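This report concerns only the one structure given below.
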Amino acid sequence: MSRFFWVVRKDLAVFFADKSGAVMVIVVPLLLGVMMGLIFHTGDGTSTMDVGVVNEDGGPTIVALIQRLDAEQSLKVQVLERTVARDKVAAGKLGVVLVFGANVGKQLTATAMFGGAETGAKRNNVVPMWVDPSRAIEANIVKGLLTKAMMETMFSQVSDPKQLGQMFTDLLATTAGLGDSQPELKRFIAQGVAFATESQLAAEKSSATGTDAKPGDGFSLAPPLDVVREEIVAAGPTAGFNSHAHTFAGMLMQFLLFMAISSAKGLFAERGVGTLDRLRMTATSPASILLGAAGAVAVICLLSTAVIFGVGALFFGVEFRSGILAFGLVSVAQAVFIGSFMLLMAGLANSDKQLDGVGTMLVLALCFVSGAWVPAFMLPDFIAAAGPAVPTRWILDGFAGATWRGLGLGHALQSAGGLLAFSVVFSAIGLKRFRWA
Amino acid sequence: MTESSIRIAGLTVTYGGVKAVDDFSLSVPTGAIFGLLGPNGAGKSSTIRCISTVQTPQAGTITVAGVDTQQHPNEVRRSLGVVPQGLALYDNLSVLKNLQLFGGLYGLGGKLLNDRIGWGLALAQLEDHADKRVSALSGGMQRRLNIAASLLHDPKILVFDEPTAGVDPQSRNHILETIRTLHQEGRTVIYTTHYMEEVEALCDRVAIMDAGKLILADTLAQVLTQTKPRSFRFTADAPMDTEVVRNALREAGVSVVDIESESHTLEQVFLDLTGRGLRDAS
Ligand SMILES: Nc1ncnc2c1ncn2[C@@H]1O[C@H](COP(=O)(O)OP(=O)(O)O)[C@@H](O)[C@H]1O
Ligand SMILES: [Mg+2]
């Protein structure tokens with residue numbers, strides 16, 4: 001056992017003898033994490049997208065509609081000239097542009113829902129949407145939000161008694177030519193007119209008594225279903241997603257996997273120089289030598305983890321919502337796993353070249369399928385289905401559970417257990433396959 | 001010197017089908033200082049790697065102090081001090097850290113470890129460089145540290161694989177003196193080299209191997225008396241002309257092939273002129 005610690009000590013000393021290398025282990029994942037965190041960071045967990053708007057209508061209805069779009073959390077509206085907007089889409093600088101032509105605002109009335117006052121070729125209700133083909137998803141989102149904003153605009157008109165009255169008056173005019181063929185429709189419209197007149201009187205009365213009557217006060221027409229957004233996080237209703245907690249964990253993991261590859265190269269270098277043989281000549285068992293090297297890797301991992309999440313907690317609002325113990329468990333399990341990954345790589349590869357090629361591929365693949373780059377839900381189904389078979393997924397799940405999700409000690413134990421199981425298998429393969437000469 | 005410290009029987013080492021050591025047998029008596037001579041590629045290092053248990057031979061057995069290397073490698077490792085041909089040191093660690101590591105791995109600790117490190121530093125004459133990184137040492141200093149690092153556990157059987165490769169004459173001289181001293185203190189030594197003069201100066205027994213096979217093994221004295229000498233060297237008490245010697249020999253009926261009047265090898269002249277002190281100030 002003491003020989004194991006001598007080897008760990010040696011590998012740490014060798015590692016820290018190279019000051020710049022030591023600094024890298026802390027600085028690089030930190031920079032990457034901060035960078036990614038800033039890129040994806042939005043206080044409430046959604047990202048905003050820019051949408052261009054060309055307003056050739058200019059009327060109050062379209063202006064109000066544009067304001068509604070801009071008020072959407074996920075949209076940021078830029079009002080642009082037609083040619084400028086088109087160029088921006090063509091140049092890839094804007095994903096989506098909505099073009100409101102002259103007089104389209106007139107179509108945005110409650111009456112238009114019933115087929116519109118004007119019909120036929122005269123009717124101008126087309127809103128072109130210019131889309132960068134590479135950003136089709138954004139276009140769908142914008143289209144949905146535009147529909148929502150249009151409905152809101154119309155409902156707001158309907159809930160203004162004056163406009164409501166106007167709508168029924170319009171309807172009366174359109175249905176005048178029908179004669180007596182539609183008695184129920186006429187009765188409905190008559191009731192509507194009475195209702196509108198009544199509420200208009202009520203509104204005038206309340207404004208006379210000094211009450212600040214807004215359109216829709218007292219009675220209102222509203223969308224029948226109201227969607228209220230609520231974020232669900234185990235740690236409680238006030239806890240939110242912290243993009244830094246996610247990106248720090250992802251970037252750290254990726255960096256540590258690469259470090260494991262370079263440590264495996266270190267073992268190869270020692271094999272070449274003959275120090276590995278010399279270690280063996282001291283009656284240090286092969287297992288002690290290899291596990292000692294893995295142990296040093298694990299210690300370095302723990303150090304990086306502590307520094308990076310420490311900075312995350314101090315400056316980027318990362319919280320350990322399952323407690324420090326749970327976080328520590330996941331960190332240790334990750335460290336042990338990275339050490340075993342180093343052994344696996346050293347056992348499976350024959351040369352530095354193979355480590356560079358196969359190892360790099362493997363690390364990138366492991367990071368990708370774990371959701372370190374793109375959220376796991378965006379991955380193809382077959383990759384998502386492979387979830388538990390991907391060790392790096394356990395790492396990110398473990399850290400998410402220990403930080404922003406706050407899933408508690410039990411979840412941390414599960415993640416740690418899964419990782420340790422992988423570590424045992426990886427180490428065993430590494431120890432068995434490593435070539436000493 | 002009846003008991004054998006190292007006994008090699010039928011040793012065969014192959015690399016990808018090519019025999020580097022071929023049915024090689026040898027016995028090294030306890031207390032000997034044994035020179036294993038051979039040109040580059042003869043199979044010396046392969047043999048030594050097998051003795052030191054880090055390589056498994058394709059055939060044959062080796063016992064060290066009566067213990068089989070393949071059956072009880074750890075026991076063998078504890079009784080052996082092997083100085084590898086290459087510099088097997090941690091370049092970016094200090095001299096002291098290297099010695100601590102290897103001492104620690106040999107199972108030493110506490111005061112004993114410190115004492116042995118002190119001994120090793122003195123042996124390698126590196127007391128003033130303990131905190132220097134190995135990469136900052138001269139080649140000779142690295143060679144000496146390479147030796148000290150293998151001897152911290154005070155083994156009784158020492159194996160040196162070309163310990164003087166690429167060192168300056170001062171360091172070489174120091175290394176040879178060190179080995180002589182270690183032998184005189186009662187240790188058995190195997191010394192591998194392709195420098196004949198080193199074996200001649202140092203060893204009491206010699207084996208010559210070539211292409212993986214044993215050519216000859218005997219005491220140095222025996223090997224040197226196998227033929228009557230044709231070549232002589234004498235020193236006159238005063239400078240004289242070469243012609244005087246030649247004439248005297250001709251009168252004695254000797255047909256002289258060549259006559260050499262140089263009294264020193266270049267190395268001796270070099271050492272005389274530059275002194276025998278070690279040159280480590282780097
Ligand atoms: N690891 C190896 N792989 C392949 N061939 C080797 C290896 N080590 C040594 N050899 C070959 O084995 C022969 C003996 O080498 P070695 O034992 O190092 O001889 P020496 O120490 O006497 O110079 C040489 O021909 C060398 O090229
Ligand atoms: Mg050799």
Side-chain angles (χ1 to χ4, degrees), chain A residues 1-25 262-263 265-293 295-297 299-300 350-351 431-437, chain B residues 13 15 45-46 48-56 64 69 72-94 96-110 113 133-136 142 145-147 149-153 155 159 161:
Chain A
M1 203 57 188
S2 76
R3 288 196 164 84
F4 166 81
F5 286 114
W6 273 108
V7 177
V8 173
R9 237 176 93 167
K10 175 266 295 180
D11 279 323
L12 288 176
V14 168
F15 182 80
F16 286 108
D18 176 10
K19 296 278 184 299
S20 60
V23 168
M24 295 288 255
V25 167
S262 88
S263 293
K265 277 193 204 171
L267 267 183
F268 287 4
E270 282 209 40
R271 181 169 65 192
V273 166
T275 46
L276 273 194
D277 277 348
R278 183 164 223 158
L279 295 180
R280 285 202 292 158
M281 284 178 200
T282 64
T284 305
S285 69
S288 287
I289 295 171
L290 292 179
L291 292 177
V297 168
V299 171
I300 295 163
N350 280 323
S351 61
L431 291 185
K432 204 170 155 53
R433 291 279 314 255
F434 188 79
R435 275 157 291 245
W436 292 91
Chain B
V13 177
Y15 297 106
S45 292
S46 300
I48 283 178
R49 287 171 51 77
C50 291
I51 295 173
S52 65
T53 75
V54 296
Q55 186 161 345
T56 310
V64 174
T69 52
H72 306 286
N74 280 345
E75 212 173 309
V76 169
R77 287 166 186 169
R78 277 188 277 269
S79 62
L80 265 184
V82 182
V83 179
Q85 179 173 350
L87 287 167
L89 298 164
Y90 291 97
D91 260 11
N92 47 13
L93 298 188
S94 68
L96 187 63
K97 282 247 170 72
N98 270 278
L99 292 176
Q100 282 172 340
L101 167 67
F102 291 114
L105 289 177
Y106 276 119
L108 308 176
L113 177 60
R133 278 188 185 207
V134 170
S135 55
Q142 291 177 341
L145 179 61
N146 201 38
I147 293 172
S150 295
L151 307 181
L152 293 170
H153 58 309
V159 181
D161 193 358

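Residue numbers start from 1 in every chain, and the chains themselves are labelled A, B, ... in the order their sequence lines are given, proteins ahead of strands. Being a predicted model, the structure only gives us computed values, none of them experimental.
Looking at B:S150, both its backbone and its side chain come within 4.5 Å of chain A, counting heavy atoms on both sides. Using a 4.5 Å cut-off between heavy atoms, B:L80 does not touch chain A at all. Residue B:Q85 does not touch chain A at all, counting heavy-atom pairs closer than 4.5 Å.
No donor-acceptor distance shorter than 3.5 angstrom exists from the side chain of B:R49 to the backbone of B:Q55, with no hydrogens or angles considered. A donor-acceptor contact shorter than 3.5 Å links the side chain of A:R271 to the backbone of A:R435.
Ranked by heavy-atom pairs under 4.5 Å with chain B, the first of A:L279, A:V14, A:V273 is A:V14. When B:N98, B:L152, B:L105, B:L93 are compared by the number of non-hydrogen pairs under 4.5 Å with chain A, B:L105 comes out ahead. In terms of non-hydrogen atom pairs under 4.5 Å with chain A, the most contact-rich of B:G109, B:G86, B:G107, B:G104 is B:G104. Note on B:R77, B:H153, B:R78: by heavy-atom pairs under 4.5 Å with chain A, the leading option is B:R77. Ranked by heavy-atom pairs shorter than 4.5 Å toward chain A, the options B:P73, B:P84, B:S94 are led by B:P84. Per-residue counts of heavy-atom pairs under 4.5 Å with chain B were compared for A:G274, A:A17, A:A437, A:S285; the largest is that of A:A17.
The cationic group of A:R3 does not satisfy the cation-pi geometry with A:W6, failing either the under 6.0 Å distance to the six-membered ring centre or the 45° limit from the ring axis.
No hydrogens or angles considered: nothing links the side chains of A:R280 and B:T53 as a donor-acceptor pair under 3.5 Å.
Between B:Y90 and B:F102, the angle of the ring planes stays under 30°, which puts this pair in the parallel group of the 30/60° scheme.
Atom OG1 of A:T284 sits about 8.5 Å away from atom CG of B:N74, to the nearest 0.5 Å.
Other residues, nucleotides and ligands contribute at most 12 non-hydrogen atoms within 6.0 Å of the NZ atom of B:K97.
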